[in-house]
Amino acid sequence: MAITAIKGFNDILPVESGRWQHIEQAARRVFELNGFSEIRVPIMEKTELFCRSIGDATDIVEKEMYSFIDKGGNAVTLRPEGTAGVMRAFIEHKLYAQDPVAKIYYLGPMFRYERPQKGRYRQFHQIGAEITGVHDPLADAQVLNMLVQFFREIGLDEPQLQVNSLGCPECRPAYRSDLIGFLEQRVDALCEDCRRRLSTNPLRALDCKVPGCIAATAGAPSMLDNLCGACDGHFTSVKRYLDLTGTPYSINPRMVRGLDYYTRTTFEMVTSLLGSQSAVAAGGRYDGLISQLGGPSIPGIGFAMGVERVALLLGEKDFCRQPDLFMATLGAGEREFAFRLMNELLQKGLRVEMDYEGKSLKSQLRRADKLGARYSVVIGESEVASGRAILKRMADGVQMETALAADGLCTLLC
RNA sequence: GUGGCCAUGGUGAAGCGGUUAACACUUACGACUGUGACUCGUACAUACGAGGGUUCGAUCCCCUCUGGCCACCCCA
């Protein structure tokens, strides 16, 4: 048996890479338009970084991390998400010193030891963006607008934006105990998972899909009704700014996030087309994270999207580049002629292909068709001698005479 | 980590105890010795995910492993 890739680790094959590039290029274009710059950070960090940022008790840290001890005895982990590493770099290089307002984006592989499913893999890819240093809800709204703009840009209008507020260290603890109290009174009606959640993550019970739990939590207190004045004002402003720009969204008071560092605004772009992997992008505000990691008290907000999930939504659409011209040749001498001409055209930025192996004319034209070449030209002895040839437009078979010179062909094909 | 379903060539798949392992697509070549797409012809699985077992005999039955899909957990 030949060696195969690791479970949950996938190859992005040539037929799919066009789609990936399309997504990445759109993200770069939109993010840079919005004033974001790329940051490239390592895919491995000290394990402690993730414990401290994501949260020791979260599923990610408890059971999903690729952690090991390196040869120097250091506890290291393949990053399960991007924000922690980006913020570590932000603090380490004191980027806030030159400008506390930083707008940065990143993209690359993340690793989580989970059971693979469609749209969920052990090595997966995220494109994320973060704004630091802005308390104002305008930042929240702008991040959301940019996310929505990205999805428009790549031609997906299906994922819907949902927003929520998780409050802050001022109001969340009180709400949390209220909720626990509420749930404890109905513990008999809750499913096994939700009973466990009571102690681990009570908010999660609001998101449970078991009918009994949905019924039992129907009258549960909502975080949104229990926000402190500052959080409530913040959330109200976020909504107003979204309305101001006509950004469509809905409020999902039961939306829960898996990372401990979120405060106030949280959001998801959700789709119904990927089964249980409904979130294609998600994020939120993390006002305490930077100081928690040893940096100054600077707020932040950001999101990450799952590239695999976005690619799945784009479906089978073909993003392959088609040649502008395919040159078919009849003999070895003509092949040399074509080879030289092809390279002149390539220099001028035209996509040109030719046969390398002296195949039959029929084979060559079949290949031209298969590659989707816009034009083809047959070069034989007389063409080389006269310097003129018949150019054929493949879509409709229309033929036209042309000089076999780089300049002329270039203007004809551009 | 839990549960269910599944695994035949490059692809989609028939076959379900003894078959030349069907068919279609793809690919290659040809019909057309200088013109693709349509059509037609020819070729292309010592082989049925891997390893064990049952049997005279296993792609087909049983076990284990590996992988995939779906749901849960959780999440991008």
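Naming: A, B, ... by sequence-line order, numbering from 1 per chain.
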Taking NZ, NE, NH1 and NH2 as the nitrogens, is one of them in A:Arg79 or A:Glu81 under 4.0 Å from a carboxylate oxygen of the other?
no
What residues in residues 155-168 of chain A put a non-hydrogen atom under 4.0 Å from any atom of RNA chain B?
none
What does A:Arg257 touch in the nucleic acid at a heavy-atom separation under 4.0 angstrom: a base, only the sugar-phosphate, or nothing?
sugar-phosphate
Mind checking if A:Ile379 touches a base, just sugar-phosphate, or nothing, with heavy atoms under 4.0 Å?
nothing
Sugar-phosphate, base or nothing in reach of A:Gly119, heavy atoms under 4.0 Å
base
Of all the nucleotides listed (B:A28, B:A76, B:U35), which has the minimum atom distance to the side chain of A:Lys359?
B:A28
Say whether, by atom type as modelled, one donor and one acceptor occur between the side chain of A:Asn34 and the main chain of A:Val30 under 3.5 angstrom.
yes
Between A:Lys118 (NZ) and B:C69 (P), how many Å, whole number?
7 Å
In whole Å, I'd like the distance from the CZ atom of A:Arg393 to the P atom of B:U35.
21 Å
Counting heavy atoms from C-beta on, name the nucleotide in B:A76, B:U35, B:C74 closest to the side chain of A:Arg197.
B:C74
So which nucleotide from B:G34, B:A76, B:A37 ends up closest to the side chain of A:Glu308?
B:A76
Closest-nucleotide ordering on RNA chain B, the 5'-leading residue of A:Leu361 and A:Val210
A:Leu361
Is A:Ser278 touching bases, backbone alone, or none of the nucleic acid, heavy atoms closer than 4.0 Å?
nothing
Side-chain donor or acceptor of A:Arg366 under 3.5 Å from a matching atom on the base of B:G30?
yes
Taking CD1 from A:Ile127 and C1' from B:A76, how many angstroms apart are they, rounded to a whole number?
11 Å
Residue pairs meeting side-chain hydrogen bond (donor to acceptor under 3.5 Å, both in side chains), one or both in residues 280-290 of chain A, sequence neighbours left out, come to A:Glu130-A:Tyr286, A:Asp140-A:Arg285, A:His234-A:Arg285, A:Arg285-A:Asp287
State, without any angle test, whether A:Asp225 and A:Tyr175 hold a side-chain donor-acceptor pair at a distance under 3.5 Å.
no
Holding to side-chain contact (heavy atoms from CB on, under 4.5 Å), I want the full list of residues that pass it with A:Arg340, two or more places apart in sequence or in another chain.
A:Phe337, A:Glu344
Can you identify which nucleotide, out of B:G30, B:C69, B:U35, has its nearest atom closest to the A:Ser363 side chain?
B:G30
So A:Tyr113, base contact, sugar-phosphate only, or nothing? Heavy-atom distance under 4.0 Å.
nothing
Rounding to an integer number of Å, can you tell me how far A:Phe124 CZ sits from B:C74 P?
17 Å
Whole-Å distance separating the CD atom of A:Gln364 from the C1' atom of B:U33:
14 Å
Test for a donor-acceptor pair under 3.5 Å between the base of B:G36 and the side chain of A:Lys392, counting only N and O atoms.
yes
Using the P atom in both, what is the distance from B:G52 to B:C44, to the nearest Å?
30 Å
Please classify the nucleic acid contact of A:Val280 as base, sugar-phosphate, or nothing, using heavy-atom distances under 4.0 Å.
sugar-phosphate
What's A:Gly372 touching, base or sugar-phosphate or nothing? Going by heavy atoms closer than 4.0 Å.
nothing
CZ of A:Phe111 to CD of A:Gln123, rounded to nearest 0.5 Å, is 4.0 Å
At under 4.0 Å, does any side-chain N or O of A:Thr58 touch on OP1 or OP2 of B:C74?
no
Is the centre of the A:Tyr96 ring less than 6.0 Å from the centre of the A:Phe90 ring?
yes
Heavy atoms only, 4.0 Å cut-off, all strands: where does A:Glu334 land among base, sugar-phosphate and nothing?
nothing
With a 4.0 Å cutoff (strictly under), does any side-chain N or O of A:Ser376 reach OP1 or OP2 of B:G36?
no
Any idea which of B:U35, B:A31, B:C73 is nearest the A:Ile390 side chain?
B:U35
Taking the same atom, C1', in B:G67 and in B:G49, what whole-Å distance lies between them?
7 Å
With the side chain of A:Asp369 defined as its heavy atoms from C-beta on, choose the nearest nucleotide among B:A37, B:G34, B:C72.
B:A37
A:Gln142-A:Tyr241 side chain donor-acceptor pair, cut-off 3.5 Å:
no
Checking all strands, does A:Ala282 fall into the base, sugar-phosphate, or nothing category for heavy-atom contacts under 4.0 angstrom?
sugar-phosphate
Between A:Asp324 and A:Arg374, does at least one N-O distance fall below 4.0 Å, as a salt bridge requires?
yes
With heavy atoms under 4.0 Å as the rule, sort A:Gly397 into base, sugar-phosphate or nothing.
base
Per nearest nucleotide of RNA chain B, the residue lying toward the 5' end, A:Lys362 or A:Ala373, is A:Lys362
A:Thr47 side chain to A:Thr77 side chain, donor-acceptor N/O pair below 3.5 angstrom
yes
Range-with-range stems for RNA chain B, at least three Watson-Crick or G-U pairs under 3.5 Å:
B:1-7 with B:66-72, B:10-12 with B:23-25, B:27-31 with B:39-43, B:49-53 with B:61-65
What integer distance in Å separates A:Phe50:CZ from B:C74:C1'?
18 Å
Looking only at non-hydrogen atoms, find the nearest pair between A:Val256 and A:Glu268 and report the distance.
O-OE2, 4.1 Å
Name the closest nucleotide to the A:Leu330 side chain, picking from B:C72, B:G34, B:U27.
B:G34
Should the side chain of A:Arg115 and the base of B:C73 be counted as holding a donor-acceptor pair, with the cut-off at 3.5 Å?
no
Please state how far atom CG in A:Asp355 lies from atom P in B:A28, giving the value in whole angstrom units.
11 Å
Integer-rounded Å distance: B:G36 P and A:Leu391 CG
16 Å
Between side-chain atoms of residues 394-406 of chain A and protein atoms elsewhere (two or more places apart, or another chain), which donor-acceptor pairs fall under 3.5 Å?
| residue | atom | partner | partner atom | Å |
| --- | --- | --- | --- | --- |
| A:Asp396 | OD1 | A:Val398 | N | 3.1 |
| A:Asp396 | OD2 | A:Arg393 | NH1 | 2.5 |
| A:Glu401 | OE2 | A:Arg388 | NE | 2.8 |

Take atom C1' in B:U20 and the same atom in B:A47, then report the distance between them in whole Å.
13 Å
Could a donor-acceptor pair under 3.5 angstrom be found where the side chain of A:Gln117 meets the base of B:G68?
no
Side-chain contact check for A:Pro116: nearest option of B:G68, B:A76, B:C73 is B:G68
Residues forming a salt bridge (charged side-chain N to carboxylate O under 4.0 Å, His left out) with A:Arg29, sequence neighbours excluded
A:Glu153
